[in-house]
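A short worksheet on the structure shown next.
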Amino acid sequence: MTVHAYAEATSCVQGGELRFHLARASRAPLRGSVLVEDVAADLAVLDGEFGAPLWTLDVPEDWPSSLYRAVFTADEDVCEVYFVVRAARPSSPILLSIPFPTWQAYNRAGIPGESIYWSEQPTRASRVSFDRPGGGPPPERWEEGMLRWLGPAGYDVDYCSGLDLHEGSDLLAGRRLLVLNGHDEYWSAEMRDNVEEFVRRGGNLAVFSGNTCWWQFRLEDDGRTMVCYRDAVADPMSAVQPGLTTVEWSSAPVNRPENGLTGVSFRRGAGTWGPYMQLMHEESYTTRFPEHWVFEGTKLGEGDTFGRGAIGYETDACDFTEVDGVPVATGRDGTPPSFVVLATADLRHWHRYGQGGMATMGVFGLGAGTVFTASTVNWGNTLHDPAVDRITRNVLNRLASPVHGWEVIGPRDSIRALTVCDSQLYGVGVDDALYRRDVSGQNLRWQRIDSGGGVVAMATPREASATRPIGLYGLTGDNRLVYRDPGAKAPWTVLGKGPSGGVGLALVDGDLWAVTAHGGLWRLPAEISEWTRVDDSAGAITLTALNARLHIVDPTGRIRTRMPLPTPTEWTDLCTAGDCTVLTAHAGRLIGTTPGHPLRWRTPLPDF
């Protein structure tokens, strides 16, 4: 290549300008043609000429936000420069980031002093400049498949450079979903801080990427120099601000595993490189939680495989253990406790070809937001697979929407009463057995522990009182009020009578509340032995308490709520009950089911 070109930035705004620097290695005249193409649309948008060392592109205001490529040609010599056009104002709830830092890190890989690669070569560079040719996508084009799928699939998204995430949170304001795609390996502390804050405040993150956020880098020279020593000994920052040392995020002295952002890490993932890279096309994911909303419409069942080839040459994973055939994240590697494993790929045999490990697709809550990760670099290039297509749509549609609603957290079962005690979920089945499982978003199996004692409704106090110890309180089908200590084996003790036809039970500040099939709301104060009818129950099918409020499911399938006052009080409509006819609550969530249906939970916020 004898024509050299680079842009002064990796992105510019609609209606702005972007300057390109040009040079020739020979003494031939510096003139030629320039073709600008919208990469996502595969469409030429400008055909012009250059004749000086500086060429300025005036970006029209009506150019779509997208990834673009400027192709400079002089005689037979060609040089490509990639850049993003950002939206002048948000036009989509979805923002997609292009991994320019990773592209630049691989630029001129293997040339001594010119690239951050290869990893263990002593001649690798620790500082590289954006003021040079290259820094575009790798030959495998990990990002391109999704970019070209989005528009035809009906998604209008805005684009940014990964470096734009470094600048601040303004870019993310007004967005609901940030999408990472392909191979997004290099992150600055500012990038990570801004994205984590975005999610914690209620934004969402979809990671259709692998080896994500693996190396930390810094920017210098007004953002035009990328610094990554990949070695704490060589990096002078380790003695000044250890947290900014340019090593792996999970390594000392940074000790900030990327699991906190993505839920997974390449530390537990797998890689197949060089002549063995093609092995990735032989691998598939195995479905581990088919009832989850991510798999809706895929027709996948437990143990089914999908997405052959989507397992790219590098994958991410979390440490997990199998519990009754269900994968459960251990958290030992920094993965958040809310992480739900959706699919896995066992790639331990890749230890012969690069790095053996796993791939774990999953989802978790981070603050008020949600993070989904596909955990692989080649997801976007496998969107011709019907399951990959459907999963991608499910993720984009749900996480770009303001309404989340109910989520499935367990397979179909026949539970008629629920409560939470000591952070364990207890259920009485229609077979009159008592079951228990962890309160978790993972699809754990119920474990039978004892007799259900004829209980049709259950409740547990938030804290013990003089007359109400912490344990399981129940109403039976023959109108008794019963109690048992929590644990595997304990007798049910009769405390007295319950209101006739009780279908729901709750405990608030030591007072027992019940709703009956006859339409009444009843109260049993802590120091009194007789139930008193307080109000109409609005036809309640079930009852629970959360945050000192009573919640019911009414006959129309809506959640309604009121304060636990001993006088008639209006029931306020809150949200859909999601077909649940049995309720309990824990840690800010309603948990519900119907016999023969999956277990679900949701935050009790109004439907929009």
Side-chain angles (χ1 to χ4, degrees), residues 96-103 105-106 109 117-119 136-150 162 179-187 205-215 248 258-259 261-287 294 305-318 341-362 371-392 395:
L96 185 144
S97 175
I98 301 295
F100 279 97
T102 302
W103 289 358
Y106 281 85
Y117 282 87
W118 299 108
S119 300
E140 297 85 2
R141 297 293 201 269
W142 305 117
E143 291 74 31
E144 195 165 284
M146 177 165 284
L147 302 189
R148 293 191 170 176
W149 173 87
L150 284 165
V179 174
L180 309 180
N181 169 40
H183 191 191
D184 206 339
E185 183 178 1
Y186 285 79
W187 282 59
L205 176 65
V207 185
F208 300 108
S209 170
N211 191 216
T212 307
C213 195
W214 178 240
W215 292 102
E248 297 155 344
E258 57 274 24
N259 308 59
L261 171 65
T262 65
V264 291
S265 169
F266 184 59
R267 185 74 68 193
R268 302 269 195 229
T272 176
W273 300 299
Y276 306 110
M277 187 181 291
Q278 293 306 309
L279 291 171
M280 70 183 193
H281 297 297
E282 302 175 8
E283 308 293 349
S284 301
Y285 266 123
T286 298
T287 308
V294 163
T305 60
F306 67 93
R308 184 172 182 177
I311 307 296
Y313 85 117
E314 290 181 338
T315 70
D316 293 330
C318 71
V341 180
L342 302 174
T344 59
D346 189 344
L347 306 170
R348 286 174 288 185
H349 57 285
W350 280 11
H351 76 277
R352 296 178 178 272
Y353 317 114
Q355 175 176 313
M358 303 288 288
T360 49
M361 176 191 299
V371 178
F372 166 85
T373 180
S375 297
T376 171
V377 301
N378 204 42
W379 182 270
N381 289 327
T382 324
L383 284 161
H384 56 274
D385 182 296
V388 175
D389 178 288
R390 183 69 262 169
I391 290 167
T392 305
V395 171

For this session: Find the distance between CE (Met146) and OG (Ser209) and round it off to the nearest 0.5 Å.
Result: 10.0 Å

Exercise. Taking the six-membered ring for Trp, are Phe306 and Trp379 parallel (under 30°), tilted (30 to 60°) or perpendicular (over 60°)?
Worked result: perpendicular

Problem set entry | Audit row: Glu283, Arg308, side-chain contact (heavy atoms from CB on, under 4.5 Å) steps and yes/no | CA-CA 5 Å; Glu283 308 293 349; Arg308 184 172 182 177; over 6 Å; no

Exercise. To the nearest 0.5 Å, how far apart are OH in Tyr186 and CG in Asn211?
Worked result: 8.5 Å

For this session: Using the side-chain contact (heavy atoms from CB on, under 4.5 Å) rule, take Thr272 and Leu347 through it: C-alpha gap first, then chi angles, then the decisive distance, then the call.
Result: CA-CA 10 Å; Thr272 176; Leu347 306 170; over 6 Å; no

Exercise. Would you call Asp184 and Val207 a side-chain contact if the rule is heavy atoms closer than 4.5 Å?
Worked result: no

Exercise. Do Met361 and Phe372 have side chains that get closer than 4.5 Å, going by heavy atoms?
Worked result: yes

Exercise. Which distance, rounded to the nearest 0.5 Å, do you find between the CZ of Arg348 and the NE2 of His351?
Worked result: 11.0 Å

Problem set entry | Test log, rule side-chain hydrogen bond (donor to acceptor under 3.5 Å, both in side chains), inputs Tyr313 and Glu140 | CA-CA 10 Å; Tyr313 85 117; Glu140 297 85 2; over 6 Å; no

Exercise. Taking C-beta and beyond as the side chain, do Thr315 and Ser375 meet within less than 4.5 Å on heavy atoms?
Worked result: no

Problem set entry | Between CD1 on residue Ile311 and NE2 on residue His281, distance to nearest 0.5 Å | 12.0 Å

Exercise. In this structure, which one of Trp215, Trp103, Tyr106 forms a ring pair (Phe, Tyr, Trp, His ring centres under 6.0 Å) with Tyr117?
Worked result: Tyr106

Exercise. Between Thr102 and Glu185, is there a donor-acceptor pair closer than 3.5 Å when you use the side chain of the first and the backbone of the second?
Worked result: yes

Exercise. Taking Thr376 for the side chain and Ala310 for the main chain, is one N or O donor matched with an acceptor at less than 3.5 Å?
Worked result: yes

Exercise. What pair of heavy atoms forms the shortest contact from Arg141 to Asn381, and how long is it?
Worked result: O-ND2, 3.1 Å

Problem set entry | Taking every non-hydrogen atom, the tightest pair across Thr360 and Ala317 | OG1-CA, 3.0 Å

For this session: Evaluate the criterion side-chain contact (heavy atoms from CB on, under 4.5 Å) for residue pair Leu261 and Leu205; output intermediate values, then yes/no.
Result: CA-CA 9 Å; Leu261 171 65; Leu205 176 65; 3.9 Å; yes

For this session: Answer yes or no: is there a side-chain heavy-atom contact under 4.5 Å between Trp149 and Val388?
Result: no

Exercise. Given the rule in the side-chain contact (heavy atoms from CB on, under 4.5 Å) test, do Tyr285 and Ile391 qualify, once you have shown the distances and angles that lead to the verdict?
Worked result: CA-CA 12 Å; Tyr285 266 123; Ile391 290 167; over 6 Å; no

Problem set entry | Sub-4.5 Å side-chain heavy-atom contact between Thr373 and Thr212 | no

For this session: Please tell me if the side chains of Phe266 and Gln355 come closer than 4.5 Å, counting only heavy atoms from C-beta onward.
Result: yes

For this session: Report yes or no: do Trp273 and Glu314 form a side-chain donor-acceptor pair below 3.5 Å?
Result: yes

For this session: Of all the heavy-atom pairs spanning Gly356 and Ala270, show the shortest one and how long it is.
Result: C-CB, 4.2 Å

For this session: Answer with yes or no whether the side chains of Glu258 and Trp214 bring together a donor and an acceptor at under 3.5 Å.
Result: no

Exercise. Do the side chains of Trp142 and Asn378 get nearer than 4.5 Å, heavy atoms only?
Worked result: yes

Seminar exercise, completed: On a heavy-atom basis, the closest approach of Cys318 and Gly263 is CB-O, 3.7 Å

Exercise. How far does NE2 of His183 sit from CD of Glu143, to the nearest 0.5 angstrom?
Worked result: 8.5 Å

Seminar exercise, completed: Between the CG atom in Asp389 and the OG1 atom in Thr382, the distance rounded to the nearest 0.5 Å is 11.5 Å

Exercise. Do the ring centers of Tyr353 and Trp350 come within less than 6.0 Å of each other?
Worked result: no

Seminar exercise, completed: Note: Asn259 and Ser265 closest approach over all heavy atoms is OD1-CB, 3.3 Å

